[in-house]
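A, B, ... follow the sequence lines: proteins, then strands. Residue 1 opens every chain.
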2 protein chains.
Amino acid sequence: MTALPNRDRRAERREATRREILDAAWLIARRDGLTAVTLREIAGRIGMRPPSLYSHFDSKNAVYDAMFAESWQQVIDELSTIDYPDQERAALLTEAEAYFDFATSDLARNQLMNQRVIHDFEPTEAAYAVAVDAYGRMRDFLRGVGVRREADLDLWTALLAGAINQQHANDPSGKRWRRQLPRLVDMFCDEVGIPGPSLRRAK
Amino acid sequence: MTALPNRDRRAERREATRREILDAAWLIARRDGLTAVTLREIAGRIGMRPPSLYSHFDSKNAVYDAMFAESWQQVIDELSTIDYPDQERAALLTEAEAYFDFATSDLARNQLMNQRVIHDFEPTEAAYAVAVDAYGRMRDFLRGVGVRREADLDLWTALLAGAINQQHANDPSGKRWRRQLPRLVDMFCDEVGIPGPSLRRAK
DNA sequence: GTCTATATTCTGATAGAC
DNA sequence: GTCTATCAGAATATAGAC
């Protein structure tokens, strides 16, 4: 009786190559924009020929699909490490700042996640499920501080999206709209009835 | 002494061709996305050969540049026809709805105006000046209802951008975030100290 | 799993005739 | 101002050898 190996070196290597492909794609996307990603350049960067990529991804959009899924997974991972303060308003501000920083730290990623920049790309069901999961966690978090109505969730996402979008468009290297976050969170809390001291007096 | 002609038929025809080119480009952009615009298809649609377009535009990005400028000019034209109510909050809501409707009625246009979808396109000084003009008019309008601080302007643009962005991304054919506008305007007015009755009680 | 070779189509742009 | 001809290159994707 031969013992089964406890590591699958083939699978590990395969996963490593897949990782290299995605990293190269991200590098190109950040440098020249999402639409500038080409199989040719991905291959060139990792010392492969373009057709070899098809052993790992069925198509170029399959690469985008993996990027889409991993972006939303990063949101989940990032937000799940947060140690929230007890006070509701402070917790909301912490959440807002974390998501804002995540979104504004990578324009290409944010475009892939939230804008229809690649017109013929639609996430697969599996990839979309990760985004739905991330949204569900945000909803659970808001429920935890007393926000339950659908319209209030829409309000929250609009406030965040607006600050992020303006930051990208008009002050990509600054903090002009990030500074508005305490104010936006206060406005949100006042509107939906979350009590507590204003976030802008302290400190 | 021969009289000068009071019309320049040559210039008129030239302008008409330029118009045809831009209309074709818009059609493609709306149908398949901004990045799908090609000189080949523009030419095909108006019964020309691709090289002929260079008699009217120096490059493909020059076409985008004209589209950028005319988009911002449309904002100016659109908002300047508005007959605002006297009451400040009502006036702000009218403005917000007009701009929201403008932005959400054409995804490609909004991407060209406000997102960096075409990575190697940067508007010329002349085209950018139109955008600056539009922004100046919005600033003047807000000043007219008592909003003067830079941070308050940033707040206003963030609220609008957020609603527009979420509408595009998550409910492109509906009104889910448009319904939030009265609420958003009320929140804004409360925050910056514009008096008046809530926009959500009446009607 | 990676390669070579290739298919097919498209890209923006220029030269020069008419 | 529009055309033909052409450039020089890039795009995604497939077939089949190794």
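- Look at OH on A:Y54: it is 6 Å from P on D:dT14, rounded to the nearest Å.
- Contacts classified as ring pair (Phe, Tyr, Trp, His ring centres under 6.0 Å) and involving residues 75-98 of chain A (residues at least two apart or in different chains) are given here: A:Y84-A:F141.
- A salt bridge is defined here as a Lys NZ or Arg NE, NH1 or NH2 lying under 4.0 Å from an Asp or Glu carboxylate O, and A:R200 with B:E191 meets this definition.
- Sorted by first and then second residue, the pairs that involve residues 145-186 of chain B and meet ring pair (Phe, Tyr, Trp, His ring centres under 6.0 Å), not counting sequence neighbours, are B:W156-B:F188.
- Of all the residues in residues 55-63 of chain A, A:S55, A:H56 reach under 4.0 Å from DNA chain C with at least one non-hydrogen atom.
- For B:D190, the side chain to side chain contact (heavy atoms under 4.5 Å, CB included) partners two or more places apart in sequence, or in a different chain, are B:R89.
- Salt-bridge check for A:R179 with B:E150: failed, with every basic side-chain N at 4.0 Å or more from each acidic carboxylate O.
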>> Go through it in stages, so that I can follow the logic: the residues are B:E15 and B:R10, the test is salt bridge (charged side-chain N to carboxylate O under 4.0 Å, His left out), and I'd like the CA-CA distance, side-chain angles, deciding distance and then a yes or no.
In response: CA-CA 9 Å; B:E15 176 52 30; B:R10 199 170 307 223; over 6 Å; no
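- In the region residues 37-50 of chain A, proximity to DNA chain D at under 4.0 angstrom, judged on heavy atoms, holds for A:V37, A:T38, A:L39, A:R40.
- Less than 4.0 Å separates DNA chain D from no heavy atom of any residue of residues 5-16 of chain A.
- Between B:D23 and B:R45 there is no salt bridge, since no side-chain nitrogen of the basic residue lies less than 4.0 Å from a carboxylate oxygen of the acidic one.
- The side chain to side chain donor-acceptor pair (under 3.5 Å) test applied to A:S55 returns no partner, not counting sequence neighbours.
- Here side-chain hydrogen bond (donor to acceptor under 3.5 Å, both in side chains) pairs that include residues 116-125 of chain A, with residues two or more places apart or in two chains, are A:D65-A:T124.
- Sorted by first and then second residue, the pairs that involve residues 137-148 of chain B and meet side-chain hydrogen bond (donor to acceptor under 3.5 Å, both in side chains), not counting sequence neighbours, are B:D133-B:R137.
- Of all nucleotides in DNA chain C, those with any atom nearer than 4.0 Å to a heavy atom of chain B start and finish, going 5' to 3', at C:dT11 to C:dT14.
- With sequence neighbours left out, the salt bridge (charged side-chain N to carboxylate O under 4.0 Å, His left out) criterion links A:E70 to A:R19.
- Looking at residues two or more places apart in sequence or on another chain, you find a side chain to side chain donor-acceptor pair (under 3.5 Å) between B:D154 and A:R176.
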